[in-house]
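Any value given below was found using the heavy atoms of this structure, including those in side chains, with hydrogens, waters and symmetry copies removed. Per chain, numbering begins at 1; letters A, B, ... match sequence-line order.
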Protein chains: 2
Amino acid sequence: MPRPNRIGESRLSKAAAGRLSLYLRAIEHAISNGQERISSQELGQALSIRDAQVRRDLACLGTLGHPGIGYNPEKLRKPIRRALGIDREWPTVLVGVGNLARALLRYAGFRQQGFHIRWLFDSDPAKAGTSLDGVPILPAEQMEKILSGSGAELGLIAVPASAAQETADRLIRAGVRGLLNFAPVVLQLPPHVRLVSVDLTIQLEQLTFLLTSGTIISD
Amino acid sequence: MPRPNRIGESRLSKAAAGRLSLYLRAIEHAISNGQERISSQELGQALSIRDAQVRRDLACLGTLGHPGIGYNPEKLRKPIRRALGIDREWPTVLVGVGNLARALLRYAGFRQQGFHIRWLFDSDPAKAGTSLDGVPILPAEQMEKILSGSGAELGLIAVPASAAQETADRLIRAGVRGLLNFAPVVLQLPPHVRLVSVDLTIQLEQLTFLLTSGTIISD
DNA sequence: GGATGTGAACGACTTCACAGCG
DNA sequence: CGCTGTGAAGTCGTTCACATCC
């Protein structure tokens, strides 16, 4: 008995979530171009994957496409943003005010997508008291005190490797639930905290690996 | 007929290569602690994966472990570095001298692992002519001319999104074979060029996705 | 015709479980 | 005994292929 139109709605894999971000870009690009429809094939081409993959990913969000037509970019935007959790603001705290922090603060994409960096912390007393791009720099020793009850949810760790674990511990005590870590360290965290790590050395080593090992053929 | 000790040597997956970088850190840490042996279980604990996974990854590099004993960190170091392609120097060029570039240049891990940033380029004429951390900043318009025959192999793209594709094209014309791209753009490249992208917005969206969707249970 | 959504096949990665060595 | 290396099993993600609908 084939239940005809039972909605799929299977769960998104982590890999699929990464692709959603890319679909979103392509879609927003299409919207600003005034495009009223876009096919799985077009989307797939934009990120060098097959159309079937695109359809499967998007099917997880509901029945959004129209057979014979394609997808309406406008109609796609909201469900993708919801699935990624960027349909709301995330009060964000950034620890470690160095060059990376400056780059992150000024990175246009962040504010635009709902990531408001509201607090800056640094352990250097010379920096605490000054401000950067209008955000005051606060002393790291008072992190828990200042942040408790503040509603901070996301923490960006841009401190040296030696201070990363301690910074993470403090942020967590202050109630932060999600960490984006730039320090080249494997952090130990309680199970309720979510972590994404961006380790530049690993990315570069990934590249040299591809050049060394994958040179054989592949595309 | 079970050939008894035929060496495994299967090929490394991309995911495995990422883990090798992490094993390498743990191993170097162990070495500097004077540890003379380390088990797959210890290594696995360090990065929250199972011991069987560690053994399979390491088995790709040859027969390096000793049953009943474990692995000798010193003996592991070289094969891992070789597999990752970091047993030699990679002449590297960095384009786009902003805050991110400054962070990358000063990032201790890079030089230490054989990534020497030898050239800096920027399209801003005010910057060209000056230097940063002892590396002169060169005018982006002359990239091909200056780099041709220079032996540059890796290119780091730290320019705004709007200039990323053009920068990639130029670097490739100048003979660069591997790109690490920080701009939030999907680059179109010829098949012989290898690419790793670090897209900060995507990483943050990955995090909010985990917090939104994965809050259910999981660890 | 043209494009979606999806069962089924396929492939890749992970985990189990155990033989075999020290 | 402890721990590696590895077939076999299991799990997850991708691709194929086609029924279905505009």
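Distance, L12(A) CG to dG13(D) P: 10 Å, rounded to whole Å. When rounded to the nearest whole Å, the span between CD of Q41(A) and P of dG2(C) equals 11 Å. Distance NE2 (H66(B)) to C1' (dG20(C)): 16 Å, rounded to an integer number of Å. Between the CD atom of E42(A) and the C1' atom of dT4(C) there is a distance of 14 Å, given to the nearest Å. Remark: P of dC10(C) and CD of Q53(A) are 18 Å apart, rounded to the nearest angstrom. Nucleotide dG5(C) holds its P atom 12 Å from the CG atom of D57(A), rounded to whole Å. In this structure, R19(A) places its CZ atom 9 Å from P of dG13(D), rounding to the nearest Å. Rounded to whole Å, atom P of dC16(C) lies 13 Å from atom CD1 of I49(B).
Across dC21(D), dT15(C), dT15(D), the shortest atom-to-atom separation from the side chain of A52(A) is found for dT15(D). Here the nucleotide nearest the side chain of R50(B), chosen from dT15(C), dA3(C), dG13(D), is dT15(C). The nucleotide whose nearest atom lies closest to any side-chain atom of R55(A) is, among dT4(D), dT4(C), dG5(D), dT4(C). Distances from the side chain of P67(A) to the nucleotides dT4(D), dC21(D), dC13(C) place dC21(D) closest.
The backbone N or O of D133(A) lies less than 3.5 Å from no partner atom in the side chain of R102(A), so there is not a single donor-acceptor pair. A side-chain donor-acceptor contact under 3.5 Å links R81(B) to the backbone of I86(B). Without hydrogens or angle criteria, S150(A) side chain to A152(A) main chain gives a donor-acceptor distance under 3.5 Å.
When side chains are defined from C-beta on, R177(B) counts as touching W90(B), because their heavy atoms get closer than 4.5 Å.
Along DNA chain D, the nucleotide nearest G65(B) and the nucleotide nearest A16(A) are compared for position; the residue whose nucleotide lies closer to the 5' end is G65(B). The nearest heavy atom of DNA chain C to G68(A) and to L58(A) marks one nucleotide each, and the one closer to the 5' end goes with G68(A).
The residue L64(B) sits close only to the backbone: its heavy atoms come under 4.0 Å of sugar-phosphate atoms, none of a base.
An OP1 or OP2 oxygen of dC22(D) is reached within less than 4.0 angstrom by no side-chain nitrogen or oxygen of Y71(A). Between S40(B) and dT4(D) there is a side-chain N or O to OP1 or OP2 distance below 4.0 Å.
Residue I202(A) forms a side chain to side chain contact (heavy atoms under 4.5 Å, CB included) with just one option from L22(B), V198(B), V196(B), and that option is L22(B). The side chain to side chain contact (heavy atoms under 4.5 Å, CB included) test with V95(B) singles out one residue from L171(B), V176(B), D122(B), L120(B), and that residue is L171(B).
Interface residues of residues 75-86 of chain A facing DNA chain C, ordered by number: none; criterion, heavy-atom separation under 4.0 Å. Using a 4.0 Å cutoff on non-hydrogen atoms, no part of residues 23-38 of chain A comes near DNA chain C.
To the nearest 0.5 Å, atoms CD1 (I31(B)) and CG (L76(B)) are separated by 8.5 Å. Summarising the geometry, atom CZ belonging to R50(A) is positioned 12.5 Å from atom OG belonging to S40(A); distances are rounded to the nearest 0.5 Å. Atom CD of Q203(A) sits about 8.0 Å away from atom CZ of F182(B), to the nearest 0.5 Å. Here N181(B) contributes atom CG and T167(B) contributes atom OG1; the two are 9.0 Å apart, rounded to the nearest 0.5 Å.
The base of dG7(C) sits within donor-acceptor range of the side chain of R56(A), with an N or O pair under 3.5 Å.
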